[in-house]
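What follows is one structure encoded as structure tokens, with my remarks underneath.
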Amino acid sequence: MENDSSSPRHILQSVFGFSDFRAPQNEIIDTIIEGGDALVLMPTGGGKSLCYQIPAIIREGCGVVISPLIALMQDQVSAMQLLGVKVAFLNSTLDPRTAQEIAKALQNDELDLLYIAPERLNQERTLQLLSQSKIALFAIDEAHCVSQWGHDFRTDYLKLSMLHELFPQIPRIALTATADARTKEEILFRLQLQDARQFIAGFDRPNIRYRITLKQNAKTQLLKFLKLDHPSDAGIIYCLSRKKTEDIADWLRGQGFNALPYHAGLSSQTRSNHQARFLREEGLIIVATIAFGMGIDKPDVRFVAHLDLPKTIESYYQETGRAGRDGQPANAWMIYGLQDVIKLRQMMEDSDGSEEHKRAEQHRLNAMLGLCEITSCRRQTLLSYFGEDLEQPCGNCDSCLEPVETWDGTEAARMALSAAYRTEQRFGVNHLIDVLRESNSDKIFQFGHQKLPSYGIGKGIDSNQWRSVFRQLVARGYMSVDLERYGALRLEEKCRPLLRGEASIQLRRDIKQKTVRRQTKTPLASEIDVALWEALRECRRLFAEELGVPPYVIFHDSSLQEMCIMLPRDIQEFGLINGVGERKMEKYGPAFMHIIAEHLAA
Ligand code: ADP
Ligand code: ZN
């Protein structure tokens, strides 16, 4: 069946223009085609959609895709239409007449794929319609929405178990990028998928480069990062407060970047307008609070920057995971400092949760801080947090690329701890540094701290380095910040062995404004001619505008890049480019090849 015109591989090549499956796509597809159920856990960008799209095309009848992301349905449908697939969607945004036409097409078996919002599916008339139609499969996308334990719980998802009762013969495939075991069990149980085959792909995102740097001057650092790595790329910048998102967006516009804010305090119209522009335009930067993200299906987000520390590794991984869904190089860049820790701890303290809840939050924050301060491979730490093993250091994070220097901070740490101890754990970092460095400030004399044995013992270390010592002691749990006392530093149990001389400590050496090795901006290989690249992008933009779709729906950056390298001269060669299926070859081949021909003649 491999080379049969209706084999999965043939569809992959002729319709989607891809040469090979990514494991385990083919196995999943075979399972569904044979009528079995499947649970698919795959990271964002892993290629989940093909797993139901291809069986829907091959199996008799229409594949029904249940998705909560109404805002994206139009784009998903447009993208599939361009591939020549017969596809439609049903949700509350449609006028009754169009909805009726779609219902008719479904009954007449004229559709390969139909996207439905869960609340729509649960309506009596929709169920009736489905029972009168030929259904190839049910795909339940974002399946974690059925879990009350997860963050995106939706009541409408709970009712989806009835699919199994009403349509026992029809294969079902549930898909999600959420990894944890509890959510998985809940999906299996609530959707009655206990007998489904499970496909769990690794969670690594090798194309994302992780970097975490000390916060010094946030704006200068951000500007340098953008100018060097992403002068004209689309990206997301996360901040903690609404006001800050607006300030940073304004300021970036002043610096010549195309940037817009996004947070829950903006009107819903402004929000959807900014989101739509992010999807449609090229090179737009969204400066957002965590309100931005769910359902951002844009494949060519080239960077995610954090100006404030996320509360947990889970959030960090989810937010950074929005970069590079297309598999091309992308950056996850973050700056953080002691102030972030104090601010987050304060927010947790002020929240209404139970003591137990607060302790759990504290614990997660500590894991996040641990990730910031480690001197070994970031990816190994991240993956092991999610229960996955990466044997070798990744070679694509800051620790791997510019190994951090460490120094024996045992003596310094002891001085820092005893300064805090002798001042009765009532003072913040600035005053402690004053004590250690023999300052003559009024406060020193007011409290008689010039008489302490700690006074002046740390003169050999400058204040920046002291700051770094205190930050690392806090981040690693040797000290804590007393919020009742305006950030006074207290000693924790963990520091005892250090004080008793039974343990030592290695600290990171913070480097002033790291010289970060440059990652190419939009991933342009060196053999690519920039003028040709720009001309192809312009051509893509015109087609996209004409159809009212985002540019990546026409071709992904990677396809344009391949055109620049392969320089196809005829339609057959053009068809060999990744992402060029038969339909796009006929439709867009001539225009793009014309530009390439002109380029070659020039
Ligand atoms: P997910 O839904 O898992 O986040 P998608 O289904 O959107 O991921 O796929 C991510 C990207 O990978 C898309 O641009 C898709 O076209 C591409 N892709 C998926 N499968 C393949 C494949 N076998 N070969 C090449 N590209 C693929
Ligand atoms: Zn690494």
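All values reported here derive from a predicted model rather than from experimental measurement. One-based numbering, in listed order, for ligands and for the atoms of each.
At a 4.0 Å heavy-atom cut-off, ligand 1 does not touch Met42 at all. With a 4.0 Å cut-off on non-hydrogen atoms, Ser19 does not touch ligand 1 at all. Proximity of Phe18 to ligand 1, defined as any heavy-atom pair under 4.0 Å, is confined to the side chain (atoms from C-beta onward).
The closest protein non-hydrogen atom to atom 14 (O) of ligand 1 is His556 CE1, 2.7 Å. Nearest to atom 9 (O) of ligand 1 among the protein's heavy atoms is Gly47 CA, 3.5 Å. For atom 27 (C) of ligand 1, the closest non-hydrogen atom on the protein side is Arg22 NH2, 3.4 Å. When only non-hydrogen protein atoms are considered, atom 20 (N) of ligand 1 lies nearest to Gln25 NE2, 2.9 Å. Looking only at protein heavy atoms, the nearest one to atom 10 (C) of ligand 1 is Gly45 O, 3.5 Å.
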**Request:** Go through the steps to decide whether Asp229 and Arg209 satisfy the test salt bridge (charged side-chain N to carboxylate O under 4.0 Å, His left out), and finish with yes or no.
**Result:** CA-CA 12 Å; Asp229 285 359; Arg209 174 173 295 183; over 6 Å; no
**Item:** Chi angles and distances behind the side-chain contact (heavy atoms from CB on, under 4.5 Å) call for Lys215, Asp308
**Value:** CA-CA 9 Å; Lys215 194 186 284 184; Asp308 294 305; 3.5 Å; yes
**Message:** Walk me through whether Arg541 and Glu538 qualify under salt bridge (charged side-chain N to carboxylate O under 4.0 Å, His left out).
**Reply:** CA-CA 5 Å; Arg541 196 183 63 75; Glu538 178 61 14; 2.9 Å; yes
**Message:** Please evaluate residues Arg325 and Tyr552 with respect to the criterion side chain to side chain donor-acceptor pair (under 3.5 Å), reporting the C-alpha separation (whole Å), side-chain torsions for both, the decisive distance (0.1 Å), and the verdict.
**Reply:** CA-CA 12 Å; Arg325 294 180 67 136; Tyr552 61 78; over 6 Å; no
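Shown in contact with Ser49 at under 4.0 Å from a heavy atom are these atoms of ligand 1, numbered in order with element: 2 (O), 5 (P), 6 (O), 7 (O). Those atoms of ligand 1 that come under 4.0 Å of a heavy atom in Pro43, given as number and element, are 3 (O). Near Arg325, with a cut-off below 4.0 Å to any heavy atom, the atoms of ligand 1 are 1 (P), 2 (O), 4 (O), 10 (C), 11 (C).
Residues Ala139 and Leu175 approach most closely at CB-CD1, 4.3 Å, considering heavy atoms. The minimum heavy-atom distance between Ala56 and Leu137, with the atom names listed, is N-CD2, 3.6 Å.
Close N/O approach between Lys48 and ligand 1 is found [any backbone or side-chain N/O within under 3.5 Å].
Ligand 1 lies less than 4.0 angstrom from a heavy atom belonging to Asp20.
Of the angles at the Zn ion (ligand 2), the one spanning SG of Cys400 and SG of Cys397 is 100° when given to 10°.
Of the residues Cys372, Ser399, Cys397, the one that meets the side-chain contact (heavy atoms from CB on, under 4.5 Å) test with Ile212 is Cys372.
The aromatic ring centres of Tyr385 and Tyr317 sit 6.0 Å or more apart. Two rings, from Phe555 and Phe592, have their centers less than 6.0 Å apart.
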